[in-house]
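Everything numeric in this text was worked out from a predicted model, so none of it was measured. All values below come from the heavy atoms of this structure, side chains included, with hydrogens, waters and symmetry mates left out.
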Amino acid sequence: MLFLEKGLYMIKILQVILALAMLFLGRKLFWVFVGSIGFITATELAASNLTAQPEWVIVLIGLAAGIFGALLAVFFQAGAIGFAGILGGGYLGLLLLRYLGISNQTAQTIAYIVGAVIGLILMILLFDYALIALSSLSGSLILIEAVGLSGWLFWILAVIITVVGISVQYRQLEPSQVSP
């Protein structure tokens, strides 16, 4: 709950809204996922590295990254697929470390890079399904983190919300995209 500890409520509200969009519309509106994950990743990194900056500076940094990601998704879909995989996978790597209680900077860098590589590979090989999984998982974890849950309840709720997001997005696929 990095943002609430620092009193950055506007960022947390924006993250929750974007997390809901990712959870239910990540595949259908690819640019929303890319822009949202860009905003959320940038605000997380800015808030932890630019601690003396006011909230509006962190929001502007997040907006710049989000807009860049959304424009990349609209105009350069192939590049945006890689960008989304890198950001989504990297962010999930950081969240995993956070919930394992590991705060070492080197471990965070390694987790981000490993997650980014895995996310990139998944997005390239299994675009539709990887996008549904990444956007649902990212959206659910961001939502649960915003509520401040931890322990077993966190993980149980993460699985349930992720499955709901995957289910909703899978139903949005066109019949030609769904293999029997």
Side-chain angles (χ1 to χ4, degrees), residues 1-23 26 33-55 57-59 61-62 64-66 69 81-126 129-166:
M1 300 279 296
L2 174 67
F3 293 111
L4 298 182
E5 292 168 5
K6 293 183 173 189
L8 302 176
Y9 298 107
M10 179 55 70
I11 292 171
K12 189 49 71 181
I13 291 168
L14 290 171
Q15 285 189 348
V16 166
I17 292 167
L18 294 174
L20 286 168
M22 288 191 302
L23 183 64
F33 171 65
V34 177
S36 297
I37 201 69
F39 174 84
I40 290 167
T41 300
T43 55
E44 288 278 339
L45 293 172
S48 62
N49 293 313
L50 304 173
T51 55
Q53 296 300 317
E55 183 178 24
V57 171
I58 296 169
V59 169
I61 291 169
I81 291 169
F83 184 67
I86 289 167
L87 289 178
Y91 185 74
L92 291 175
L94 290 177
L95 278 179
L96 177 64
L97 279 188
R98 182 180 301 159
Y99 288 101
L100 292 174
I102 301 171
S103 60
N104 178 291
Q105 189 68 34
T106 303
Q108 289 177 342
T109 301
I110 291 170
Y112 190 88
I113 292 170
V114 169
V117 169
I118 292 170
L120 175 63
I121 291 169
L122 286 174
M123 289 295 275
I124 291 170
L125 296 177
L126 306 165
Y129 302 108
L131 181 56
I132 289 171
L134 275 176
S135 63
S136 296
L137 184 58
S138 298
S140 70
L141 292 177
I142 293 164
L143 285 173
I144 297 167
E145 185 180 39
V147 175
L149 297 176
S150 62
W152 285 103
L153 186 57
F154 173 89
W155 293 109
I156 291 169
L157 200 53
V159 169
I160 292 169
I161 294 173
T162 300
V163 168
V164 169
I166 289 171

- Query: Can you list the steps and then say if Leu120 with Met123 is a side chain to side chain contact (heavy atoms under 4.5 Å, CB included)?
  - Reply: CA-CA 5 Å; Leu120 175 63; Met123 289 295 275; 5.7 Å; no

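- Of the inter-residue distances, the one linking Glu145 atom CD with Glu44 atom CD reads 5.5 Å to the nearest 0.5 angstrom.
- Of the possible donor and acceptor atoms, one in the side chain of Glu55 sits under 3.5 Å from a partner among the backbone N and O of Ile11.
- With a 4.5 Å cut-off on side-chain heavy atoms, Trp155 and Val159 do not count as touching.
- Shortest non-hydrogen contact noted between Gly88 and Leu134 is C-CD2, 4.3 Å.
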- Given the rule in the side chain to side chain contact (heavy atoms under 4.5 Å, CB included) test, do Tyr99 and Leu141 qualify, once you have shown the distances and angles that lead to the verdict? CA-CA 11 Å; Tyr99 288 101; Leu141 292 177; over 6 Å; no

- Query: Step by step, would you call Tyr112 with Leu87 a side chain to side chain contact (heavy atoms under 4.5 Å, CB included)?
  - Reply: CA-CA 9 Å; Tyr112 190 88; Leu87 289 178; 3.2 Å; yes

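- The shortest non-hydrogen separation linking Ala42 to Gly62 is CB-CA, 3.8 Å.
- Of the inter-residue distances, the one linking Leu96 atom CG with Leu100 atom CG reads 4.5 Å to the nearest 0.5 angstrom.
- How far CG of Leu126 is from CG of Leu131: 11.5 Å, rounded to the nearest 0.5 Å.
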- Item | side chain to side chain contact (heavy atoms under 4.5 Å, CB included) assessment of Leu50 paired with Ile61 | CA-CA 11 Å; Leu50 304 173; Ile61 291 169; 3.5 Å; yes

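- For the atom pair CD1 (Ile142) and CG (Leu137), the distance works out to 9.5 Å, reported to the nearest 0.5 Å.
- The CD1 atom of Ile17 lies 11.0 Å from the CG atom of Leu143; values are rounded to the nearest 0.5 Å.
- When all heavy atoms of Ala46 and Ile58 are compared, the closest pair comes out as CB-CG2, 4.1 Å.
- Although no hydrogens or angles enter the test, the distance criterion places a donor-acceptor pair under 3.5 Å between the side chain of Thr43 and the main chain of Ile40.
- The two atoms that bring Ala107 and Ile102 nearest to each other are CB-CG2, 3.8 Å, heavy atoms only.
- The nearest pair of heavy atoms linking Gly38 to Ala65 is O-CB, 3.5 Å.
- Once rounded to the nearest 0.5 Å, the distance linking OG of Ser138 with CG of Leu92 reads 4.0 Å.
- Judged by distance alone, the side chain of Ser136 and the main-chain N or O of Ala133 form no donor-acceptor pair under 3.5 Å.
- Here the shortest heavy-atom pairing between Leu18 and Phe39 reads CD1-CD2, 3.4 Å.
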